[in-house]
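Let me begin by presenting the structure, written as structure tokens, before commenting on it.
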Amino acid sequence: MIYDALFGKPLVSLIVIGFAGILVWYFLSSQRPTTRLVVQIVFFAVMTLILVGSGIEPHRFQGHGSEDPQALLVIVAKTLWWVHLAWAVIGFIRLYLVLEGSPREARLLQDLVIGVVYIGMALSVLAFVFGVPIGTLVATSGVVAIILGLALQNTLADVFSGIALTLGRPYVIGDWILLSDGTEGRVVESNWRATHILTSANNVVVLPNSFLAKLGLTNVSRPDESHLLVLTIRIAPTRMPASVRQVMLSALTSCNSIVRDPPPVVALKGLDATALEVELQFRVTSPSRRVAARNEVLDLVYRHCKSAGLLLAVPAAASVLTGGLPTEESARPPRVTPLELIEAIPIFATLTADEKQKLAETTAVREFRKGDVIVREGEMLPSLMMVRAGIIAARHGDGERGRLAPGDFFGETGLLAGIQEVCTLEALTPVTVYEIDQEAFAPLLNQRPALAEEIAEDLASRAERFRDAALPPEPAHSAHAILKTIRTIFRG
């Protein structure tokens, strides 16, 4: 029964089986490549069995004339056989041609091999089904290929450059790259024709692969995304170079935006009568962090220089008289007074000049040695402390969450709102602070009741900002709750 169905009208049966195989292949999920391959092999084997049993050789041109009533059936049957053969080979390629750990390269190689398979199938159909002389066709198409190649020269250059870049893997999607023409950004898309780069200005630059292949390329993301920054600072030569180097190293050590391992480097680059030139070398976790880190380092350099009594030098291009330059003997270092620190603290911004002056007059000086614990996590500081000199580490649990430098302050939540400290504060270097206690601050609140509301609003917003900062968040307190606590602490 099966023999009669298959070989009674073999060409018709083969065509029916061939189209049925196409339908089955189409409806099978591409997520099941093994099942697809097995089904394809089964259909191909049945079609081969029918052709061999019918005396038809698919790999030979048998010269069916147009007057032969079966000529059309033979052409369709042999064409379907070659199509199924190509699909079976492609199934093997998709399943077994795999480069472990390199899916993009594997996909590209698969596409190239599959393209060759389809070209081979098309040539085989022309030669063995329609009897077209392939040798003559290839010779003729060579001339056409030259003409097309010249016309599509740029497009082909992009395609082959894309293949070379994909196989060479100088970058992958997500890498931050820097090109020799100054273009830099993160690779967001890469195809056979072009590479798309998202720049720091939030623009997408599309570069043809042929153009990209000619440029020098630096992959900032390899071996990791930590990125070296170099800043040059000019300091007036009023101190010994070793002392200046130590101040610059303290500024880098207190920075929260840079990588601590490997540690930052301070290099003395030059010395003359006008300036000591210092080069600061430090790393950031990602190129996107460069601006924030550079801003913080410059701010800390200024604060540490002011704290240590160093003067910034005039620009190298400035026209000055060498006789008027400060020296180690004649320099007058800037003073850092309690009043200057009070004026830099946001929560005191609403105070008048006289109120700030009175508050500064009540400050006391406290000093801590290296390794001293200023306050432990969970304890409450009853006074506000402003860092005059030194570096303080803020630790939460077993990890360090940030560092405080000259100009920073702490303890305001305990002084003004009775909130416990969320970090243990430890002196990394000898530390000098200016302290303001509750007794000094109480007269201000008694004279200006509205000041409590202003401070409560500021502390509430400060606690909200800390939730996304480097330090752990303070306990959530509304402005109303903080105001109530302030009035309880400072009630007259």
Side-chain angles (χ1 to χ4, degrees), residues 176 178 182 184 200 218 220-221 223-318 325-328 331 333-334 336 344 370 387-394 400-408 427-432 469-471:
W176 188 284
L178 171 63
E184 71 171 316
S200 56
T218 301
V220 181
S221 298
D224 55 55
E225 281 211 355
S226 63
H227 187 60
L228 178 67
L229 291 182
V230 178
L231 286 178
T232 300
I233 306 295
R234 291 169 53 83
I235 304 296
T238 60
R239 294 287 187 275
M240 290 186 295
S243 300
V244 175
R245 178 184 176 277
Q246 188 60 44
V247 172
M248 296 296 103
L249 191 59
S250 296
L252 292 177
T253 303
S254 62
C255 184
N256 295 307
S257 300
I258 67 176
V259 176
R260 305 197 190 283
D261 187 20
V265 175
V266 176
L268 304 180
K269 302 296 291 185
L271 175 65
D272 54 34
T274 61
L276 171 64
E277 194 171 275
V278 183
E279 186 177 86
L280 309 182
Q281 303 175 8
F282 53 92
R283 291 182 176 273
V284 292
T285 55
S286 169
S288 60
R289 296 286 302 161
R290 286 180 296 190
V291 174
R294 187 184 291 111
N295 290 345
E296 184 179 4
V297 168
L298 289 175
D299 177 68
L300 289 170
V301 166
Y302 175 83
R303 288 154 60 180
H304 277 269
C305 285
K306 194 168 185 179
S307 173
L310 296 179
L311 299 176
L312 297 177
V314 296
L325 293 175
T327 64
E328 187 170 353
V336 181
K370 179 181 178 180
V387 182
R388 164 64 178 82
I391 303 173
I392 300 174
E400 182 178 307
R401 297 301 180 89
R403 294 185 178 182
L404 304 178
D408 288 329
L428 291 182
T429 64
V431 173
T432 301
L471 298 180

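Positions are given from 1, in the same order as the sequence printed here. Worth saying up front: this structure is predicted, and the values here are computed from it rather than measured.
- No side-chain donor-acceptor contact under 3.5 Å links Ser286 to the backbone of Glu225.
- At distances below 3.5 Å, at least one donor-acceptor pair connects side-chain atoms of Arg234 with backbone N or O atoms of Val314.
- At least one donor-acceptor pair closer than 3.5 Å links the side chain of Arg260 to the backbone N or O of Thr253.
- Heavy-atom minimum distance, Pro406 versus Ala389: CG-CA, 4.0 Å.
- Ser307 places a side-chain N or O within 3.5 Å of a backbone atom of Arg388 that can act as its donor or acceptor partner.
- With hydrogens and angles ignored, the 3.5 Å screen pairs no side-chain donor or acceptor of Arg245 with any backbone N or O of Ala267.
- Note that OG1 of Thr285 and CD1 of Ile258 are 11.0 Å apart. Values are rounded to the nearest 0.5 Å.
- Taking OG of Ser257 as the reference point, atom CZ of Phe282 lies at 9.5 Å (rounded to 0.5 Å).
- Annotation for Val220 and Pro287: closest pair CG1-CG, 3.6 Å, computed over non-hydrogen atoms.
- Note that CD of Gln281 is 6.0 Å distant from CG of Leu228, once rounded to the nearest 0.5 Å.
- How far CD of Glu279 is from NZ of Lys269: 4.5 Å, rounded to the nearest 0.5 Å.
- Using a distance-only test at 3.5 Å, with no hydrogens or angles considered, a donor-acceptor pair links the side chain of Asp408 to the main chain of Ala405.
- Minimum heavy-atom separation, Lys370 to Leu428: CG-O, 3.2 Å.
- Minimum interatomic distance between Gly182 and Leu178 (heavy atoms only, all atoms of both residues): O-CD1, 4.2 Å.
- Screening Ile391, Ile392, Asn256, Val431 against Leu404 for a side-chain contact (heavy atoms from CB on, under 4.5 Å) leaves a single residue, Ile392.
- With rounding to the nearest 0.5 angstrom, the CD1 atom of Ile233 is 5.5 Å from the CG atom of Leu231.
- With hydrogens and angles ignored, the 3.5 Å screen pairs a side-chain donor or acceptor of Ser221 with a backbone N or O of Trp176.
- In this structure, the salt bridge (charged side-chain N to carboxylate O under 4.0 Å, His left out) partners of Glu184, at least two apart in sequence or on a different chain, are Arg290.
- The side-chain hydrogen bond (donor to acceptor under 3.5 Å, both in side chains) test with Ser254 is passed by exactly one of His304, Arg403, Arg303, Glu296: His304.
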